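Order of appearance sets the numbers: ligands from 1, and atoms from 1 within every ligand. Since the model is a prediction, treat every value here as computed from it, not as a measurement.
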Amino acid sequence: MASFQLDISHRPRRLRRNPAVRSLVEETRLRPADFIAPLFVVDGNGAPEPIDSMPGVSRFNVADLVKECRALAKLGVPAVALFPKLDKKFKNDAGTAALDEDALILRAVRAVKKALPGLVVMTDIALDPYTTHGHDGVLTADGSDVANDATVEILTRMAVLHSQAGVDFVAPSDMMDGRIGAIRSALDAAGRTETAIMAYSAKFASAYYGPFRDAVGSAAAAGTRSLDKRTYQLNPANRREALTEVALDEAEGADILMVKPAGAYLDIIREVREATRRPVAAYQVSGEYAQIQAAARLGWLDLERTRHESLLAIKRAGADMILTYFAKEMAAQLS
Ligand code: PBG
């Protein structure tokens, strides 16, 4: 008896028959050069400080930070994004330590650039590590909101300091209006025309930032991890508004446009990719990392496969580069 045979001309499974065929038709591939590694730095000479809510991530002193950067560079990761965790005594309402000439972040940048001039170094431009209330800027007179223009004025000076310390990119993550144009002008006026801007353009007011706020201590300072940043960060419900923000940052001179978080915002990444010719970055944030780590620890998900798939999806959605706490392990796995 002849076995049953469908009369169909299309059999897509022909292209999935074995690893060699699958490799030929593979549309998206991750490589170490796709990643930017976010790293946390602390003062002093202490041992690395593990962050409980981000298993596998530690804050490093400056010397260990340089070592970590060297290891990343060796694995082919082209860029790092540095975040300082400051002692309480450096925090106040106005975040004035952000403009210290000897700030931890500036010392960290100088050390990394001296040891590894070819590694791309980026720093966050926002006041949250420096303020007691944990907001990204200074507050209005009645304390009810973050003051836009006063904050931008401080950020422009912060950006110039970071540029003079040697960063390749400043990365304003504050979501104030007009900050990209103001920072570009301030950099240019200071002769820092080569310093680029990676704009946190579509940054949503997300619950996924919780572990990061433990890492930089903004949660401890504010007494809560669920800081309400909804007067400046985007409403997760809004797509068109995100595209408006991206268009503004592009027009104001951003060199790279970022979407953040990444995994829950793949539609936004795709739309931004199609709306601009500029490079698009996506930030797989602390909570996305923590979710995967937590499930893997419970034995509920396979760590290597899940992290790979999560990052592949972000690239497939249209990200040209990805900030991820998995950068080092992924680069090691891929090479
Ligand atoms: C703050 C900042 C945040 C992150 C990067 N810069 C948190 C926030 O807006 O409260 C989040 C990164 C992460 O969760 O991994 N300027």
**Report entry** Heavy atoms of other groups near Gln333 CD, more than 12 under 6.0 Å
**Finding:** yes

Query raised in the report: Should we count CZ of Arg230 as having more than 12 external heavy atoms under 6.0 Å?
Result: no

**Report entry** Minimum side-chain heavy-atom gap His162-Ile105 below 4.5 Å
**Finding:** yes

Query raised in the report: Is Asp52 atom CG crowded by more than 12 heavy atoms from other residues, nucleotides or ligands, each under 6.0 Å away?
Result: no

Report task. Check the pair Phe90 / Tyr130 against ring-ring contact (aromatic ring centres under 6.0 Å, His included), numbers first and verdict last. Result -> CA-CA 7 Å; Phe90 293 113; Tyr130 305 96; 9.3 Å; no

Query raised in the report: Which of parallel (below 30°), tilted (30 to 60°) and perpendicular (above 60°) describes Tyr283 and Tyr325?
Result: tilted

Report summary line: Residues with a heavy atom under 4.0 Å from ligand 1, by chain and number, are Asp124, Ala126, Asp128, Asp136, Ser173, Lys203, Tyr208, Tyr209, Phe212, Arg213, Lys229, Gln233, Lys260, Tyr283, Val285, Ser286, Tyr325

